[in-house]
Number of protein chains: 2
Amino acid sequence: MAYTQARFDVSAAPLATRTESAWADYLRSSKARRLSLEAHEALFFEGDPAERVFEVAEGSAMLYKLLPDGRRQVVEVLGPGDMFGFDVVGVYDCTAESLTPCIVHAIERRDIETAPALQEHLTRCVLAKLHAMHDHAVLLGRKSAFERVASFLIRFVPQRGVLGCVGPTAGEEDTRTVELPMTRQEIADYLGLTIETVSRVFSDMRRRGLISLEKHDRVMIRDVCSLCRCSGTH
Amino acid sequence: MAYTQARFDVSAAPLATRTESAWADYLRSSKARRLSLEAHEALFFEGDPAERVFEVAEGSAMLYKLLPDGRRQVVEVLGPGDMFGFDVVGVYDCTAESLTPCIVHAIERRDIETAPALQEHLTRCVLAKLHAMHDHAVLLGRKSAFERVASFLIRFVPQRGVLGCVGPTAGEEDTRTVELPMTRQEIADYLGLTIETVSRVFSDMRRRGLISLEKHDRVMIRDVCSLCRCSGTH
DNA sequence: CGCGATTTTGATAATGTTCAACAGTAGTGG
DNA sequence: CCACTACTGTTGAACATTATCAAAATCGCG
């Protein structure tokens, strides 16, 4: 092996800084278009010619695909900083729809293709998405309904449930409240379940004291680590 | 919208040619290492420091992830031309294992990072993989066992079952024989099913006259279009 | 308060899993 | 060449999980 992980890390750090800054420069420039969306507004449809790439600035959105008989699979859930609208074949492979009111930046494909620093940033984002899709495939292919919902909830607790999880702060109650940007139907379509199953799992988790529901979309996780142990991943 | 799909296509074509050629140049150079693998040999493990990127030259391979209790999800099946071993966090997120005897090219991450033309090629490959993962998420999240196996089989018929499928040649028997590079267990772990269910679906397809099995891993598809209609996608 | 939409709950059905036994296949060595 | 063995794949029966269908409860909002 040519160099160790430590050496990779140090060489990667300045690269990231460099591309982040080029990206920030681009977004400040007049070329980037800023779009405001209401909740549940489609940004583009599967099959539309792919002319722009987008970045979520505020709020959240999703990408989904439909089967001819109407079954839907939400393939990605997007938050601030996430990019989407990449393509290979000239058309979008998914439909993009806002979940909450949100602001997205639209970037002309042309601008990216001619600016290596922007390309680097884009590549980084695509790699992160591919990584996330691998995890999601495990969830869809091998996890039970309970594990899927647990994994889903932990996703909304920053820095937890992922590799290098910081764990609970010693001695403290490890309680966190998360705001879900999605309806039960959207959660179901993301997790490959039905709306009823999602609802039943939420109720089951409540009965077991793992969570409590302040509102339908406000979930208090009683103990993040306990829930994490239900996710199948740990 | 700034420009039409047609304009995107023509601008994309020369780009592809340019990166393909840089890629071919790199592979001919002494920097690319050529590795020979037997069937079922691991190339790297989930968690290993990610120092190189790979390309399949001959044969096929897979990427999989394991849950702590041993459940496995095969997240990608790779054939000639496919790249793998990308990372975001410095370590591989999957284990890579050959399915058949195969030859892979190993490319130092450093070489790619310093050569924009190689980066473009890599970005293209990652985008294609992301696209494939979206389709796979639909399969795992929303398709029945029968549809999953049908989709899987069609995957091995070049130019069919995908967007812009050429369809059967008029008047001809639309029969094709495919060689599966995977065992039933591997297919099951790829499709999010059990080995028994995969076996039962194969038998069911045989009884219905959709396929015939010359050997366990040689499947004759009686009529590609009929099978395609069973895949849920069309 | 009352209406429409979303969510929850219940009863039943279907799909796929699990566990167990059996069959086919390939490889080995007498 | 055939018997033996180990492995992979197939089939069957019982079971579990999740889906489906139907109804009740809750929420959001004018």
Side-chain angles (χ1 to χ4, degrees), chain A residues 38-40 67 69-74 99-101 139-153 179-208 210-219 230 232, chain B residues 38-40 67 69-74 99-101 139-153 179-208 210-219 230 232:
Chain A
E38 297 300 305
H40 305 285
L67 290 176
D69 62 0
R71 281 175 288 179
R72 181 174 76 163
Q73 178 66 42
V74 173
L99 286 165
T100 63
L139 182 145
L140 293 172
R142 288 293 178 236
K143 288 188 181 179
S144 69
F146 199 93
E147 290 170 329
R148 293 183 202 198
V149 174
S151 305
F152 174 75
L153 288 176
E179 194 105 16
L180 304 180
M182 306 161 81
T183 65
R184 294 288 184 272
Q185 184 63 64
E186 286 154 354
I187 296 170
D189 286 346
Y190 182 51
L191 302 180
L193 300 168
T194 58
I195 191 172
E196 293 94 335
T197 300
V198 172
S199 184
R200 272 184 250 273
V201 172
F202 271 106
S203 301
D204 190 18
M205 285 181 169
R206 190 165 37 72
R207 274 189 294 270
R208 295 203 208 177
L210 285 163
I211 61 170
S212 52
L213 295 164
E214 304 178 23
K215 282 196 335 178
H216 287 146
D217 61 346
R218 272 183 70 85
V219 181
C230 296
Chain B
E38 298 300 306
H40 304 286
L67 290 176
D69 62 1
R71 281 175 289 178
R72 181 174 75 163
Q73 178 66 42
V74 173
L99 287 165
T100 62
L139 181 147
L140 294 172
R142 287 295 178 232
K143 288 189 181 180
S144 70
F146 199 93
E147 290 171 328
R148 293 183 202 198
V149 174
S151 304
F152 174 75
L153 288 176
E179 194 104 18
L180 304 180
M182 306 162 82
T183 66
R184 293 289 185 271
Q185 184 63 65
E186 286 154 354
I187 296 170
D189 286 345
Y190 182 51
L191 302 180
L193 300 169
T194 58
I195 191 171
E196 293 94 334
T197 301
V198 171
S199 185
R200 273 184 249 273
V201 172
F202 270 108
S203 301
D204 190 18
M205 285 181 169
R206 190 164 37 69
R207 275 189 294 270
R208 295 203 208 177
L210 285 163
I211 61 171
S212 52
L213 295 164
E214 303 177 23
K215 280 195 341 177
H216 288 147
D217 61 346
R218 273 184 70 84
V219 181
C230 297

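Between B:L180 and B:F202, the shortest heavy-atom distance links the atoms CD1-CZ, 3.9 Å.
Atom pair B:H40:NE2 and D:dT8:C1' shows a separation of 11 Å (rounding to whole Å applied). Straight-line distance from the CD atom of B:Q185 to the P atom of D:dA6: 21 Å, rounded to whole Å. Taking atom CZ of residue A:F146 and atom P of nucleotide D:dA16, one finds them 18 Å apart after rounding to whole Å. Atom P of nucleotide C:dA23 and atom CG of B:L213 are separated by 19 Å, given to the nearest angstrom. To the nearest angstrom, P of D:dA19 lies 17 Å from NZ of B:K143. We find that CG of A:D204 is positioned 19 Å from P of C:dT7, with the value rounded to whole Å. Taking atom CZ on A:R207 and atom P on C:dT8, their separation rounds to 11 Å, with Å as the unit. In this structure, A:R71 atom CZ and D:dA19 atom C1' are separated by 13 Å, rounded to whole Å.
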Open item on the list: Base contacts versus sugar-phosphate-only contacts with protein, heavy atoms under 4.0 Å: please encode nucleotides 21-30 of chain D as B, S and - from 5' to 3'.
Closed with: B-----SS--
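For the OP1/OP2 pair of C:dT17 and a distance below 4.0 Å, the side-chain nitrogens and oxygens of B:T197 include at least one atom meeting the criterion. Residue B:R184 has no polar side-chain atom (N or O) positioned under 4.0 Å from OP1 or OP2 of D:dC7. Dashed line: the shortest gap from a side-chain N or O of B:R206 to OP1 or OP2 of D:dT11 is under 4.0 Å.
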TODO: Could you walk me through whether A:F152 and A:L193 pass the side chain to side chain contact (heavy atoms under 4.5 Å, CB included) test, one step at a time?
DONE: CA-CA 12 Å; A:F152 174 75; A:L193 300 168; over 6 Å; no
TODO: Let me see the working for A:V74 and A:L191 under side chain to side chain contact (heavy atoms under 4.5 Å, CB included), right down to the final yes or no.
DONE: CA-CA 8 Å; A:V74 173; A:L191 302 180; over 6 Å; no
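Separation of atoms CG (B:D189) and OG1 (B:T183) is listed at 8.0 Å; rounding is to 0.5 Å. Taking CZ of B:R71 as the reference point, atom CZ of A:R142 lies at 8.5 Å (rounded to 0.5 Å). Between the CG atom of A:D217 and the CD1 atom of A:I187 there is a distance of 9.0 Å, given to the nearest 0.5 Å. We find the CE-OG1 distance between A:M182 and A:T100 to be 11.0 Å, quoted to the nearest 0.5 Å.
At least one donor-acceptor pair under 3.5 Å links the side chain of B:R148 to the backbone N or O of B:K143. A distance-only check finds no donor-acceptor pair linking the side chain of B:E147 to the backbone of B:L139 [under 3.5 Å].
When the salt bridge (charged side-chain N to carboxylate O under 4.0 Å, His left out) test is applied to B:R200, no partner is found at least two apart in sequence or on another chain. For A:R184, the side chain to side chain donor-acceptor pair (under 3.5 Å) test picks out no residue, with sequence neighbours left out. Applying the side chain to side chain contact (heavy atoms under 4.5 Å, CB included) test to B:S199 and every residue at least two apart in sequence or in another chain returns nothing.
In this structure, the helix from C:dC1-D:dG30 to C:dG30-D:dC1 shows an angle of 40° between the axis at its start and the axis at its end, each fitted on 5 base pairs and rounded to 10°.
Contact check of residues 186-195 of chain B against DNA chain D (heavy atom, cut-off under 4.0 Å) returns no residues at all.
Residue contacts for A:S199: at a heavy-atom cut-off of 4.0 Å it reaches a base atom on one of the strands shown.
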